[in-house]
Amino acid sequence: MNTARSAELYAQAQKLIPGGVNSPARSWRSVGGKPLFFARGSGSRLWDVDGNEFIDYVGSWGPLILGHAHPRVLAAVQEAASRGTSYGAPTESEVRMAALVHEFMPGIEMVRFVNSGTEATMSALRLARAHTGRHMIVKFDGGYHGHDDALLVKAGSGAAAHGIPDSAGIHPGYAASTLVAPYNNLNAVERLFAENRGKIAAVIVEPVAGNMGVVQPEKGFLNGLRDITRKDGALLVFDEVMTGFRVHPGGAQALYSIKPDVTCLGKIVGGGFPVGAYGASREIMQNVAPLGAMYQAGTLSGNPVAMAAGIATLEALKDPGVHTRLAHVTDRLADGLAKAFSDAGATVTVNRVCGMFTVFFTAGPVTDMETAGRSDRQRFSEFFHAMVGEGVYPPPSQFEAWFPSLAHTDADIDTTVAAARRALRK
Ligand SMILES: *Cc1c(COP(=O)(O)O)cnc(C)c1O
């Protein structure tokens, strides 16, 4: 495969941008080699700057549930942009978008739009602190909630793949108020609450973990968190930046029938544009300025072009057939890959929920960061590179989710499984 132009751009990028990338997950640090630079996407396909074609399973890390360059999204974006790209004043599109979010997630009575998932979680924690008058936060080992200072503790994928347990440059005071429990371990959470009674503002959790690779909540885990937080007067924050509109139209909270106090959104909600959101009951959201004393703002928040992309995406997800289709695509691919590995005599664990899955190179079961960490990363890297050579673009890290989309056809899936069979023979 000729990747000369990518290599040339990478060399230039490394001189101008740290590591040549604007987000570490895009680098191929954990798998080795040089990242490809992309020029075009359409449906399930990506083309790099050298003209190589790939079936894409990164999907911009989650937003592109409809696939690349979906006509409805493009038309909405072009129409909105033609009327001006930002006014710094309220628009009708924000009202429509807020109503749509409420329709998909009725627990969100009021919502505030921001520009990224990081902003959503950062603001949600500020809200939890403002509402409860408490400081401490509980998160889970391997849970990634963006790069907010308070949450870059045991933060999964990027850090795990790069062997950096935490980030440098974080005020020790922030990390000190963040308590960490293993995912799927209610006893550990109970212990933290017993030791810090009345001091914990919130538990923040990915209701399906996606940033240590995909790890499902075990039966009773999310319900247990609901009970523990309610009893102590702490808030339960669901970080649905990845799972929102993906695992179910109403997110993981609908899939598992659990009502969190605060929900964080990102990725799909922006339809490929920079949008995040946090929402809750009217009572809790009253804390947010200008209604309340918790300040949070944004020059480009609720941007009309981004709102147009989000509205077009969510409107397309109203069709009741789409999640059945997405679950089918996910199962066909996860089952196909599992079979390909087992036929090749390789031991893997495939964790999946509708729209997302991970192949862990370990016998499993994978239920938390520790068991995910038993994966053979060398073998993952070999598989990754062999798949790229076969025209398939999986996430370049063991600890990430593959994102099949509604643009992936059964033929795409079968081509991918056939590619995996060839890759495994190498
Ligand atoms: C991607 C992600 C974030 C961060 O969102 P950004 O838009 O990258 O800031 C937060 N939480 C979860 C669960 C995510 O997957």
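All ligand and atom numbering here is 1-based and tracks the order in the structure. Position 1 is the first residue of the sequence; numbering continues from there.
A heavy-atom cutoff of 4.0 Å around ligand 1 is satisfied by the protein residues S116, G117, T118, Y144, H145, G146, E206, N211, D239, V241, M242, K267.
For the side-chain hydrogen bond (donor to acceptor under 3.5 Å, both in side chains) test, residues two or more places apart in sequence or in another chain that qualify with R134 are D232. For L186, the side-chain contact (heavy atoms from CB on, under 4.5 Å) partners at least two apart in sequence or on another chain are F221, L225, I228.
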Report, one line per pair, each donor and acceptor closer than 3.5 Å where one atom sits in a side chain of residues 99-107; sequence neighbours left out.
residue: H102; atom: ND1; partner: I108; partner atom: O; Å: 2.8
residue: E103; atom: OE2; partner: K318; partner atom: NZ; Å: 3.4

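With a 6.0 Å radius and a threshold of 12 heavy atoms from other residues, nucleotides or ligands, Y295 has its OH atom at or below the threshold. In H131, the NE2 atom is crowded: over 12 heavy atoms of neighbouring residues, nucleotides or ligands sit closer than 6.0 Å.
Relative ring orientation between H323 and H248 is described as tilted, the plane-to-plane angle lying within the 30° to 60° band.
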